[in-house]
Number of protein chains: 2
Amino acid sequence: MSRALNDAPHVSEAVRRKVKEAAAALDYHPNLAAQSLIARRSYLIGLTYERPSPSYVVELQNGALGRLENERYRLVVLPFNHVASRPEELGKLLLRAGLDGVLLAPPACDQPVLLDMIERQRLPYARITPHSDLDRGLVVAMDEVAAGHTVATHILSLGHRRVGIILGDPSHAASRGRLEGYRQAFDEAGVAIDDSLVGTGDFTYDVGYRVARELLDGPLRPTAILAQNDDMAVAAIAAARDFGLSVPQDLSVAGFDNSEVSRTAWPPLTTVHQPVREMAWDAANRLIAMLDADTDGDAPRRRDHLHELLVRASTAPPSSTG
Amino acid sequence: MSRALNDAPHVSEAVRRKVKEAAAALDYHPNLAAQSLIARRSYLIGLTYERPSPSYVVELQNGALGRLENERYRLVVLPFNHVASRPEELGKLLLRAGLDGVLLAPPACDQPVLLDMIERQRLPYARITPHSDLDRGLVVAMDEVAAGHTVATHILSLGHRRVGIILGDPSHAASRGRLEGYRQAFDEAGVAIDDSLVGTGDFTYDVGYRVARELLDGPLRPTAILAQNDDMAVAAIAAARDFGLSVPQDLSVAGFDNSEVSRTAWPPLTTVHQPVREMAWDAANRLIAMLDADTDGDAPRRRDHLHELLVRASTAPPSSTG
DNA sequence: CCTAATTATGTCAACGTTTACCGTTTTGTC
DNA sequence: GACAAAACGGTAAACGTTGACATAATTAGG
C-alpha cells in the first residue's frame, strides 16, 4: 500500500515497517511510469546544447547534475547542432521528449522561434547565458560585455596597441557581447580597433588556428591576441610557435572560459572564468523550484553571475622590439 | 483515436487525415507516461561513467546519442564517483531511474556486485571496455593488453631502454591491462621494467604531473615516459619543461586515448586511439537491438574494436647523450 | 437480393500507481 | 462506561494511452 512506503500519515508504525520489509525483500521498485501518469510529471529535465568544447559541455552537465543529485529528477541530454537554421526541429524534439522542464544553453536559448514553441506548450525552461530577449523565461546570465571589457582592459593596460581578435561563432550572441566589451575598453583607452586584425572563428581549435595564422601573417603583426574561447587561444599559441614567436615574450594571448585546456596549455592561459558549472546549477535550481512550486510568479526571473579574470602566464607587456 | 495516429490498419484514409489534422491543430502530443505504462517501457537508456576526462565523457555520450538519434529512446546521464567503494549505491540509483537499459563505462562495468544487482532486476545492460568477467552481459571491448603492447613496442623500437611508466587509477582495470601489454613488449625486447620507474597516477593531470616530476627527479632519469592517458602525458610534458628537458629530444612521451588534448598539446602526442565513440555507438546499438527484440539469446555477446597507434611528434629516438 | 466476407468504427479493460472516500477500530475525555 | 474524536485500513476511481473485442457498415460473390 502506497501510504506505508511514502511515509504518509494515518498508518501505524508496525504496518509501515512490515510493508517496507516486504518491499525490500522483493526488491520492489514502484513503477515510475504509473507514478508519472498520475502525477502528471515525468521527472525528466532536458539539457540542450550545441557542439561546443567538451569541457564546456561537461561543466554544464555537472552543474545541472549537481543540483539534481538528490532529487527525483533525472537529466536527459539532447545535443542539437545548427539550431539557428532549424529551431522548429529542436522544438519538436524537446516537446516530444516528455520533459518537465528544459535547460537551454547557447545558442538555443536565443532562438525566439524555439521559445515561442515551448511557451505555447507550457514547457518550463531556463536559459543559460542568453543574449537577447532577456525578459523571457528564467534567465541565468553572465555579463559578457563586462567580461570582454575586463580582458581587453587587461591587455591594453599591459601596453598592447596592435591587438588581434579571434571572434567565436557569429551565431552565438556571446561573440557579439564580448566584442562589444572589447570595443568599450578600446574606446576608454583611446585605442582604435583595427578591423584588419579582427578574424572570425567558430570556437573550434582548427578554425582558430587558421585565423590566427592569417593574423600573424598579415602586414601588421599584432603583439597580442584576444581569442573568444580557450580552444582558439591555444590554437593561437600553436600558430605563434609556427612563426617562431614565443608566448608571452613576442605575443600575448588571452582566452575565455577557464576550461581545462587553459590550465594544461603551455604557457597557462590568461582567461576569463565563466562560472558555467555554477550557472547550470542555478538554472537547474530555479527550474525545479518553479516545477515544485507549480507557480511561476514570484521569484526573480533573472540572475547574474560574475566573471573573473584569471591572469596567467600567456600575457605580458609587449617587448620593446615589438 | 490511437489507430489513426499510429498508422494502424483498418482505418480509412479520410478519417486518418482528419484525425491527424486535428491533432496538429491542437498541438497534441501523446502522453509518454501513459504509453510507457502500457508498453512496460520507459524508452530511457542510462549512461553511467566516472569522472574521467571531459573529452572521454563527451565521446562516450556522443557515440551513444548518435545511435539513439532517430529512435524513441532518450539518454539519461548518471555519472557516479567512487563506484568501487559503493557499488550498491549505484545499483540502487540505476534501478530507481526507471531505465529500459543501461550502458556501463569503466569502472562501473567491472563491479560484480553491481552486475549482480542489475541482473537480478533484469535490467538489460551493455558494458563498454570491461576487463573482468568478459562473459557477462553485452560486451564491447578493446584489447587493452594489445594496445599497451603496441605503444610500448613503439617506444622500445625507437631504442629507449630507461622507460618511465605512469599508471592510471588502479581501480580501472584498464590500468592493469595496459601495464600487462607493456610487460609483454618489454619481455619480447629482452628489457626489464625498472620498478622504481613505475609511478601510480589516477588519470588526472595534477597527479600525473606530480608523478612525472618524481620520475624525472629520481636517480635514473628515464629517456621516455609511457603515460596511461593523454592528460597525464601532457602533464609529463609540462614536468619535463620544468626540468629544462625538451620533448622529444630529451624525453619521449606517449599517451593513451587520442583525446582532443593530445592533438592540441605541444608537441602533439603520440597516443593510442581508443575508438570510444564507436564503441559507445555499438554498445547502444546492441542494447536497443536486445530491447526491441525482447530476446537476448542469439546475437554475439562480445565485440572487439581495434585500437590504433598514432605516432606524432612527442616520441623520437633517445639522444646519444641520454 | 441475400449471405458471407471484409473493412471500418466504437467500447472497454488493462497498465500500476495515488488519493479521496468511507467504514472500522482505537484512543481520549467526561 | 458512553460518546466524540482521532487514527487506521480497505475500496475504488482516476491518470491517458493501447489493444482486444464487438458491433456496424461496406463490399463481393452466389
Side-chain angles (χ1 to χ4, degrees), chain A residues 1-44 46 71-74 76 92-101 120-124 288 291-294, chain B residues 1-44 46 71-74 76 92-101 118 120-124 291-294:
Chain A
M1 185 112 259
S2 66
R3 272 186 296 244
L5 282 95
N6 296 346
D7 291 323
H10 300 308
V11 79
S12 66
E13 263 318 304
V15 173
R16 193 192 304 277
R17 257 219 352 257
K18 249 179 70 183
V19 172
K20 286 199 173 180
E21 273 170 19
L26 294 168
D27 282 319
Y28 168 82
H29 292 268
N31 180 309
L32 291 182
Q35 290 184 323
S36 292
L37 182 57
I38 189 137
R40 279 100 174 280
R41 292 262 165 98
S42 63
Y43 293 102
L44 293 175
E71 303 281 342
R72 301 186 59 175
Y73 293 98
R74 293 156 291 169
V76 178
K92 278 185 200 158
L93 179 69
L94 295 179
L95 293 172
R96 280 190 192 143
L99 306 170
D100 284 351
R120 195 141 47 89
Q121 298 286 322
R122 309 214 179 295
L123 175 64
I288 66 178
L291 294 175
D292 289 346
D294 242 345
Chain B
M1 185 109 262
S2 65
R3 273 186 294 247
L5 282 97
N6 296 346
D7 292 322
H10 300 307
V11 73
S12 66
E13 262 320 304
V15 174
R16 193 192 304 275
R17 254 220 355 257
K18 249 177 72 182
V19 172
K20 287 201 173 181
E21 274 170 17
L26 294 169
D27 282 321
Y28 169 84
H29 293 269
N31 181 311
L32 292 184
Q35 289 184 324
S36 292
L37 183 57
I38 188 135
R40 280 102 173 282
R41 292 259 167 101
S42 63
Y43 293 103
L44 293 175
E71 303 281 341
R72 300 186 61 175
Y73 293 97
R74 294 156 291 169
V76 177
K92 278 185 198 157
L93 179 70
L94 295 179
L95 293 172
R96 281 191 192 141
L99 305 170
D100 283 352
I118 62 185
R120 194 142 46 91
Q121 298 286 323
R122 310 212 180 294
L123 175 64
L291 294 175
D292 289 346
D294 241 345

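Note that the structure is a prediction, hence the values are computed from the model and not measured. Numbered from 1 within each chain, the chains take letters A, B, ... in sequence-line order. What's counted below: heavy atoms across the whole structure, side chains too, no hydrogens, waters or symmetry copies.
Counting only distance, with no hydrogens or angles, the side chain of B:R41 and the backbone of B:L291 share a donor-acceptor pair below 3.5 Å. In this structure, B:S36 contributes its side chain and A:A33 its backbone to no donor-acceptor pair below 3.5 Å. Side-chain atoms of A:R96 do not come within 3.5 Å of backbone N or O of B:R72 as any donor-acceptor pair.
Rounding to the nearest 0.5 Å places CG of B:L44 at 9.0 Å from CG of B:L32. One distance of note links NZ of B:K92 with NE2 of A:H29; it measures 9.0 Å at 0.5 Å rounding. Rounded to the nearest 0.5 Å, atoms OG (A:S42) and CD (A:Q35) are 12.5 Å apart. Separating the CG atom in A:L93 from the CZ atom in B:R74 is a distance of 10.5 Å, to the nearest 0.5 Å.
For A:I38, there are no side-chain contact (heavy atoms from CB on, under 4.5 Å) partners two or more places apart in sequence or in a different chain.
In the helix from C:dC1-D:dG30 to C:dC30-D:dG1, the terminal helix axes, each the rotation mapping four pairs' C1' atoms onto the next four within five end pairs, subtend 40°, rounded to 10°.
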Between the protein and nucleotides 13-15 of chain C, list the N/O to N/O atom pairs that are separated by less than 3.5 angstrom.
none

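Under 4.0 angstrom from either OP1 or OP2 of C:dT17 there lies at least one side-chain N or O belonging to A:Y28. Considering only side-chain N and O atoms, A:Q35 lies under 4.0 angstrom from the phosphate OP1 or OP2 of C:dT18.
When rounded to the nearest whole Å, the span between CZ of A:R41 and P of D:dG16 equals 14 Å.
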